[in-house]
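Have a look at the structure below, then the notes.
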Amino acid sequence: MPRRLPPGQYQSNHFHRFGLSQFAKRFPKETHVASIKVTGSVECELHVSDALKALPRVEQDSDFHCVTTWSVCGLKWGGVRFADVYEHIILPQAKPLSGATLVVLKAQDGARTGMLLEDLLASDVLLADQLNGEPLSVDHGAPIRLVAPAHYAYKSVKYLCELRFVDPAEGYSASGLKFMDHLRARVALEERGRGVPGFILRYLYRLLVKPTAVRFAKASAAYRKKIDN
Ligand SMILES: Nc1nc2c(c(=O)[nH]1)N[C@H]1C(S)=C(S)[C@@H](COP(=O)(O)O)O[C@H]1N2
Ligand SMILES: [Mo]
């Protein structure tokens, strides 16, 4: 039986390397060692790296939904649960202040968004370093990326390098234009953007899929060529 897709999404056969066009040519400096700074309203700033290896590993099958309307079904991610990172490392060592319930997610390529701590603590939110049984590729976010299947993929930040805990009143500046980043971006509710109904954005965004995928694929080929030389 075909899977039911969320409103306004279609099934793509290909897992595109994708994002806002200004990120197509940006790649992480560090592609092997996962290292995440914990900053902001915390008692003690941290660098989380080796400690991730001590956490229980999980494998998860989940669908992936880009806000521009393509979805890929049944990706197999491997990694650790964000909730375990929070409970076993961040909470005891960084000690976020009680009002710091918004987490700004920052990436090595400069991409940035925010999520409510409450959404990050859902049991299907991972810090993933494997995809379909293989180490995560640079295309898909090496050394480590967030995976938040219930939210549009712009929350699934690749090349994750910093978690900044802030008071929600402080807010955050996201990568794109303001209307493009919904605080929660829940796929089931079609929260594609801020202030504009999701069903309108569907039609605009759909036009961007092909040119964006081509741009990202070209940049990736050029990057691999450079790395191989
Ligand atoms: N660091 C970073 N994370 C990112 C992006 C990006 O450009 N840079 N693009 C986002 C968007 S819009 C999508 S659809 C997915 C694409 O993930 P993929 O390139 O692994 O397919 O990553 C998200 N996370
Ligand atoms: Mo996306």
Side-chain angles (χ1 to χ4, degrees), residues 6 8-31 34-37 62-79 103-115 120 125-132 134-164 172-177 179-182 185-187 190-193 198 201-202 204-221 223-224:
Q9 297 296 114
Y10 71 92
Q11 187 166 342
S12 163
N13 305 320
H14 183 65
F15 187 20
H16 307 286
R17 172 171 183 263
F18 210 84
L20 288 170
S21 56
Q22 65 262 38
F23 294 104
K25 293 184 181 162
R26 298 199 207 159
F27 292 88
K29 264 206 187 113
E30 173 56 65
T31 57
S35 170
I36 301 169
K37 282 194 288 184
S62 46
D63 299 347
F64 189 87
H65 309 290
C66 172
V67 73
T68 62
T69 72
W70 59 269
S71 295
V72 257
C73 295
L75 294 175
K76 280 188 181 39
W77 298 104
V103 184
V104 187
L105 309 163
K106 300 190 196 179
Q108 289 187 60
D109 61 354
R112 193 200 280 234
T113 186
M115 281 182 78
L120 283 167
V125 175
L126 306 185
L127 295 185
D129 58 7
Q130 287 194 328
L131 175 59
N132 297 329
E134 308 271 347
L136 199 59
S137 63
V138 172
D139 276 355
H140 292 302
I144 199 158
R145 84 176 299 165
L146 194 85
V147 174
H151 306 263
Y152 286 114
Y154 59 84
K155 301 295 185 186
S156 290
V157 171
K158 303 193 283 186
Y159 326 128
L160 184 69
C161 67
E162 185 174 339
L163 299 166
R164 187 170 184 83
Y172 59 93
S173 66
S175 302
L177 300 171
F179 82 87
M180 298 171 120
D181 188 285
H182 189 288
R186 287 167 294 183
V187 178
E190 209 174 350
E191 293 170 334
R192 291 184 197 273
L201 289 176
R202 277 185 207 175
L204 290 174
Y205 281 166
R206 212 164 270 168
L207 305 169
L208 302 175
V209 176
K210 207 153 178 208
T212 307
V214 168
R215 186 194 284 251
F216 271 76
K218 274 192 184 150
S220 167
Y223 170 81
R224 275 196 303 267

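Computed from a predicted model, the values in this text were never measured in an experiment. Counting starts at 1 for both ligands and their atoms, in listed order.
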Exercise: do Asp63 and Ser71 side chains pair donor with acceptor under 3.5 Å: no
closest protein heavy atom to atom 14 (S) of ligand 1 is Cys66 SG, 3.4 Å
List the closest protein heavy-atom neighbour of atom 16 (C) of ligand 1: residue, atom name, distance to the nearest 0.1 Å. Phe18 O, 3.6 Å
Heavy atoms only: which of Lys158, Gln22, Lys155, Arg26 lies closest to atom 4 (C) of ligand 1? Lys158
Select the closest option to atom 22 (O) of ligand 1 among His65, Arg145, His16, judged by heavy-atom distance. Arg145
Suppose I only count heavy atoms of Phe23 and a 4.0 Å limit; which atoms of ligand 1 are within that range? 7 (O)
So for ligand 1, is His140 a polar contact partner (N or O within less than 3.5 Å, distance only)? yes
Any idea which protein heavy atom is nearest atom 23 (C) of ligand 1, and the distance to it? Ala153 O, 3.2 Å
Minimum heavy-atom distance Arg112-Val104, with the two atoms named: CG-CG1, 3.9 Å
Could you tell me which atoms of ligand 1, counted from 1 in the order shown, lie closer than 4.0 angstrom to a heavy atom of Ala107? 1 (N)
For ligand 1, which atoms sit closer than 4.0 Å to a heavy atom of Tyr159? 1 (N)
Identify the two heavy atoms, one from Lys158 and one from Gly141, that lie closest to each other, and give their separation to 0.1 Å. CB-CA, 3.5 Å
Taking 4.0 angstrom as the limit and counting only heavy atoms of Val157, give me the atoms of ligand 1 inside it, by number and element. 3 (N), 24 (N)
If every non-hydrogen atom of Phe18 is compared with every non-hydrogen atom of Val209, which pair is closest and at what distance? CE1-O, 3.5 Å
Contact with ligand 1 for Asp139, non-hydrogen, under 4.0 angstrom: yes
Considering the options Lys106, Lys155, His151, which one meets the side-chain hydrogen bond (donor to acceptor under 3.5 Å, both in side chains) requirement together with Thr113? Lys155
Please work out which of the three classes, parallel, tilted or perpendicular, describes the rings of Phe15 and Phe64, given edges at 30° and 60°. perpendicular
protein heavy-atom neighbour closest to atom 24 (N) of ligand 1 works out as Ser156 O, 3.1 Å
Return a yes/no value for Trp70: is any of its N or O atoms, backbone included, closer than 3.5 angstrom to an N or O of ligand 1? no
Heavy-atom gap Tyr152 to ligand 1 smaller than 4.0 Å: no
Which heavy atom in Tyr154 sits nearest to a heavy atom in Ala185, and how many Å separate them? OH-CB, 3.4 Å
Any idea how Phe27 and Tyr223 line up, ring-wise: parallel (<30°), tilted (30 to 60°), or perpendicular (>60°)? parallel
Proximal candidate to atom 1 (N) of ligand 1 [heavy atom criterion; set Val67, Asp109, Leu20, Leu75]: Asp109
For ligand 1, which is the ligand I care about here, please tell me if Phe15 has any N or O atom under 3.5 Å from one of the ligand's N or O atoms. no
Evaluate the criterion side chain to side chain contact (heavy atoms under 4.5 Å, CB included) for residue pair Ser156 and Arg145; output intermediate values, then yes/no. CA-CA 7 Å; Ser156 290; Arg145 84 176 299 165; 4.0 Å; yes
Sub-3.5 Å donor-acceptor pair from the side chain of Arg26 to the main-chain atoms of Asp109, do we have one? yes
Among all protein non-hydrogen atoms, which one is nearest to atom 12 (S) of ligand 1, and what is the separation to 0.1 Å? Gly19 CA, 3.7 Å
Taking 4.0 angstrom as the limit and counting only heavy atoms of Ala111, give me the atoms of ligand 1 inside it, by number and element. 1 (N), 2 (C), 8 (N)
Please check: side-chain N/O of Thr68 versus main-chain N/O of Tyr205, any donor-acceptor pairing under 3.5 Å? no
